[in-house]
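Note that the structure is a prediction, hence the values are computed from the model and not measured. Order of appearance sets the numbers: ligands from 1, and atoms from 1 within every ligand.
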Amino acid sequence: MLSILDLRARIEAGTLTPAGAIDLCRAALAAREPELRALVTLDDDPAISDSGPLAGIAVGVKDIIDSAGLPTQMGSALYEGWRPRGDSAVVARLKGLGAVALAKTTTTAFASSDPTATVNPHDPGHSPGGSSAGSAAAVGAGLLPLALGTQTAGSVIRPASYCGCAAVKPSFRLIPTVGVKTYSWALDTVGLFAAGVADVAHALALVTGRPEIARAEPGSAPRIGLVRQDFAEAPEPEAEAALARARQAAERSGAQVTDLALPPELALAWERHRIIQNYEGRLALAWEYDSHRDALPPRVREHLDAGAAIAAAEYDDARRHAHRARRVLKGLFSEYDAILTFSAPGPAPATLASTGDPRFNQLWTLMGVPCVNVPVPGERLPVGVQVIGRFGDDGRALAVARMIEDALRG
Ligand SMILES: NC(=O)CC(=O)O
């Protein structure tokens, strides 16, 4: 895969120019995009800066996130050809750092769960996941060093797990969602995909202006709670095996790993994630639903129908449960430095008709805590594991994730 850190080292050493780095991505895209179908649009003539810490780094931008000069089509015919005047906040920040918004990547319609045309880079008969399908597939295929996604349920961590790349769903609102099409204002979180955890940490530190995120250390013996979320359906054997390997890797690195059964408040919040997601989706997509319901694809129409049937009192009750669960989780993080759990129920589904199940992601999105996908090397399709930190402690979560990644690679 194309690593941000490797490309930047070559640029800073003078053995590669920023324009040359962009050309590497263009060549890689030309070779595999026809089969992968990860992109919606490609900028044929982007401005390429020679300065800035991300000069020469091509970025894939999920097609619900605005990038001036390129259409934002939301994965829906309703927005075909729609062009924003300006950049979203996160794209403006990336361009200010010297990065190039080279392409818009596929998204499920309105970042919901109707599959895209994108295929898994490791097996075209398998799903790349969603809703950030194109970003995960393009990075996992080694075509782009950095891509943007969003997560409302599991749309950053799950596709990264399926496509075998690192990713971070940061603490809630760490990256602004200004200029990003809203599905749920309480859940939507902008995330990053890159080749390895160190690349993701480097990019997050620059994008957020918090260099401490990339400098954080895991600590000499980090206390890790191994969570299986027994209240969710059991995972597949491949996910169990990946979690066991990650546990052993963490223990080899000096971590204390103990099994952690989540308190009941967390399960109650997990059950209510969909109430918040769909109630808010119905209101956020009111124009699309009220004026063009029949033009919506089946899954998003189904979710918005469900949202329309949720009473405000039920939504308010779900939010109270989420608030209580966040308080309980905050208390847990006084005893643990990180949580280790499944990134997805198993490897990518052997179908293009589904983007997979977010049941191991939705709770953490609702809690607003940082989540990192760590690819677990294997012969078969990729299966990742998820490292989760306390709210606002993104650097520590990434440091523990990197410790496990290094041990797995070792
Ligand atoms: N946007 C989302 O997070 C939906 C999903 O997990 O499929």
Side-chain angles (χ1 to χ4, degrees), residues 61-65 72 74-76 105-116 118 120 126-137 147-163 167-170 172-173 175 177 180-193 229 232-233 235 270-282 284-285 288 296-304 306-307 322 341-346 348-349 351-373 384 386 388:
V61 180
K62 182 178 181 179
D63 207 21
I64 58 166
I65 303 173
T72 303
M74 320 294 182
S76 167
T105 56
T106 62
T107 176
T108 61
F110 304 104
S112 185
S113 50
D114 296 279
T116 68
T118 307
N120 189 295
H126 289 248
S127 170
S131 59
S132 312
S135 287
L148 295 175
T150 65
Q151 179 157 315
T152 307
S155 286
V156 167
I157 298 300
R158 187 173 80 255
S161 176
Y162 288 167
C163 294
V168 61
K169 191 279 312 164
F172 184 57
R173 293 203 181 117
I175 298 178
T177 56
V180 180
K181 180 67 172 172
T182 298
Y183 189 97
S184 160
W185 56 86
L187 296 165
D188 294 351
T189 306
V190 174
L192 305 176
F193 297 85
Q229 267 192 220
E233 260 177 75
W270 175 86
E271 287 169 3
R272 289 162 175 79
H273 167 275
R274 284 225 169 269
I275 292 172
I276 294 171
Q277 180 177 23
N278 290 337
Y279 181 91
E280 293 189 355
R282 168 65 186 90
L285 296 174
E288 293 83 354
L296 298 172
R299 298 272 173 89
V300 69
R301 191 168 60 233
E302 180 189 320
H303 294 319
L304 297 185
T341 191
F342 306 108
S343 282
T351 174
L352 299 182
S354 164
T355 63
D357 184 329
R359 67 179 187 269
F360 292 111
N361 312 114
Q362 64 198 59
L363 171 63
W364 313 111
T365 312
L366 181 57
M367 295 297 97
V369 290
C371 306
V372 185
N373 181 65
Q386 196 175 180
I388 294 157

- Query: Got the closest protein heavy atom to atom 6 (O) of ligand 1, with its distance?
  - Reply: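 That would be Gly154 N, 2.7 Å.
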
- Note on the structure: Logged contact type for Arg158 with ligand 1, heavy-atom cut-off 4.0 Å, is side chain

- Under a 4.0 Å heavy-atom limit, does Ser155 contact ligand 1 with its side chain, its backbone, both, or neither? both

- Task: Keeping the roles fixed (side chain from Ser131, backbone from Ser112), state whether a donor-acceptor pair exists under 3.5 Å.
- Result: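 Judged by distance alone, no pair lies under 3.5 Å.
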
- Task: Verify side chain to side chain donor-acceptor pair (under 3.5 Å) between Thr152 and Asp188, making sure each step is shown before the conclusion.
- Result: CA-CA 5 Å; Thr152 307; Asp188 294 351; 2.7 Å; yes

- Message: Does Lys181 form a side-chain contact (heavy atoms from CB on, under 4.5 Å) with Thr150? I'd like the steps, not just the answer.
- Response: CA-CA 10 Å; Lys181 180 67 172 172; Thr150 65; over 6 Å; no

- On a heavy-atom basis, the closest approach of Gly356 and Tyr162 is CA-OH, 3.6 Å

- Message: With nothing but distance in play, are any N or O atoms of Gln151 less than 3.5 Å from an N or O of ligand 1?
- Response: no

- Would you check whether Thr152 has a nitrogen or oxygen atom less than 3.5 angstrom from a nitrogen or oxygen atom of ligand 1? yes

- Query: What atoms of ligand 1 come within less than 4.0 Å of a heavy atom belonging to Pro358?
  - Reply: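 Numbered from 1, ligand 1 contributes 6 (O).
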
- Answer yes or no for Ala111: is there a heavy-atom contact with ligand 1 below 4.0 Å? yes

- Query: Is it true that the side chains of Trp364 and Gln229 contain a donor and an acceptor less than 3.5 Å apart?
  - Reply: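 Yes, because at least one side-chain N or O of Trp364 sits under 3.5 Å from a partner of the opposite role on Gln229.
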
- State whether a side-chain donor-acceptor pair under 3.5 Å links Thr365 with Lys169.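 Per modelled atom types, Thr365 and Lys169 side chains form no pair under 3.5 Å.
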
